[in-house]
Amino acid sequence: KQEVTQIPAALSVPEGENLVLNCSFTDSAIYNLQWFRQDPGKGLTSLLLIQSSQREQTSGRLNASLDKSSGRSTLYIAASQPGDSATYLCAVSGRDDKIIFGKGTRLHILP
Amino acid sequence: NAGVTQTPKFRVLKTGQSMTLLCAQDMNHEYMYWYRQDPGMGLRLIHYSVGEGTTAKGEVPDGYNVSRLKKQNFLLGLESAAPSQTSVYFCASTTGYNEQFFGPGTRLTVL
């Protein structure tokens with residue numbers, strides 16, 4: 001059974017800092033891993049998708065890496081801004097066709 | 001191109017009542033998913049479908065039923081609602097190995 005863990009559960013950092021969010025999964029037989037952003041009371045916005053054959057994906061100030069063998073992914077946010085404050089979720093797509101989410105990291109960027 | 005839509009957006013039920021949530025997608029995706037989101041719990045997979053006429057159980061299927069009679073629609077049913085089913089319900093679709101697209105959510109309260 002796939003289990004997805006996100007650490008830390010919450011994080012507060014001053015504006016301008018670079019930061020890393022972590023996602024780990026127990027079953028390395030995955031098709032892909034996707035990072036999402038969710039603002040309070042809103043739906044999910046897709047940020048980055050990494051296929052199992054890829055090591056990283058970049059979009060603007062965001063960079064996601066994947067180490068399938070160790071069951072880990074990181075989301076790197078450069079030069080953080082108050083607008084980055086949100087909950088960040090990772091989701092793993094497995095060979096059983098299930099897509100399993102972590103509980104998320106609640107990020108607060110201090111102005 | 002509406003993407004993924006969910007009907008209704010809000011609903012209040014009394015314990016024991018039944019209802020059906022509708023998810024529709026116009027992207028010709030094979031895979032569709034129903035999740036529930038509770039505070040601090042991330043998204044938990046209820047049921048999913050890998051194609052028209054197929055359904056499968058997710059992490060928390062008890063108390064829910066689903067049907068996929070048409071490729072573009074995925075219905076989630078509650079036969080006898082309980083207060084524990086108060087939650088925000090999200091639907092998602094994907095081609096299977098690519099990005100997952102989410103609907104805006106349905107906020108359900110069971111009194």
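In this text the structure is predicted, and so the values were computed from the model without any measurement. Below, read A as the first sequence line, B as the second, and so on, with proteins coming before strands; counting in each chain starts at 1.
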Legend entry - Proximity breakdown for B:Gln37 and chain A, heavy-atom pairs closer than 4.5 Å: side chain

Inset, instruction - Check step by step if salt bridge (Lys or Arg N to Asp or Glu O under 4.0 Å) holds for A:Asp27 and A:Arg95. - result: CA-CA 10 Å; A:Asp27 185 352; A:Arg95 295 187 180 178; over 6 Å; no

Legend entry - Interface residues of residues 28-43 of chain A facing chain B - heavy atom cut-off under 4.5 Å: A:Tyr31, A:Asn32, A:Gln34, A:Phe36, A:Gln38, A:Gly41, A:Lys42, A:Gly43

Legend entry - Under 4.5 Å from a heavy atom of chain A, the part of B:Phe101 involved: neither

Legend entry - A:Arg55 atom CZ, neighbour heavy-atom count above 12 within 6.0 Å: no

Inset, instruction - Take atom CZ of B:Arg44 as the centre, draw a 6.0 Å sphere, and report whether it contains more than 12 heavy atoms from other residues, nucleotides or ligands. - result: yes

Inset, instruction - Indicate yes or no: does B:Lys70 engage B:Glu52 in a salt bridge with an N to O separation below 4.0 Å. - result: no

Inset, instruction - I would like to know whether B:Thr15 and B:Leu111 meet side-chain contact (heavy atoms from CB on, under 4.5 Å); could you show each step before the answer? - result: CA-CA 6 Å; B:Thr15 297; B:Leu111 303 175; 5.8 Å; no

Inset, instruction - Side chain from CB out, backbone as N, CA, C, O: work out which of these in B:Leu45 comes under 4.5 Å of a heavy atom of chain A, or both, or neither. - result: side chain

Legend entry - Under 3.5 Å: donor-acceptor pair, side chain of B:Thr109, backbone of B:Thr86: no

Legend entry - Side chain, backbone, both or neither of A:Gln51 within contact of chain B (heavy atoms, under 4.5 Å): side chain

Inset, instruction - Report yes if some heavy atom in the side chain of B:Pro8 is under 4.5 Å from a heavy atom in the side chain of B:Met19; otherwise report no. - result: yes

Inset, instruction - Name the option with the most non-hydrogen atom pairs under 4.5 Å to chain B; the candidates are A:Leu48, A:Ile99, A:Ile100. - result: A:Ile99

Inset, instruction - Output the option from A:Thr45, A:Leu44, A:Leu49 having the highest count of non-hydrogen pairs under 4.5 Å with chain B. - result: A:Leu44

Legend entry - Heavy-atom check, side chain of B:Asn28 versus side chain of B:Lys71, under 4.5 Å: yes

Legend entry - Partner of B:Phe74 under side chain to side chain contact (heavy atoms under 4.5 Å, CB included), chosen from B:Leu21, B:Thr55, B:Leu69, B:Leu22: B:Thr55

Inset, instruction - Heavy-atom distances under 4.5 Å only: say whether B:Arg107 touches chain A with side chain, backbone, both or neither. - result: side chain

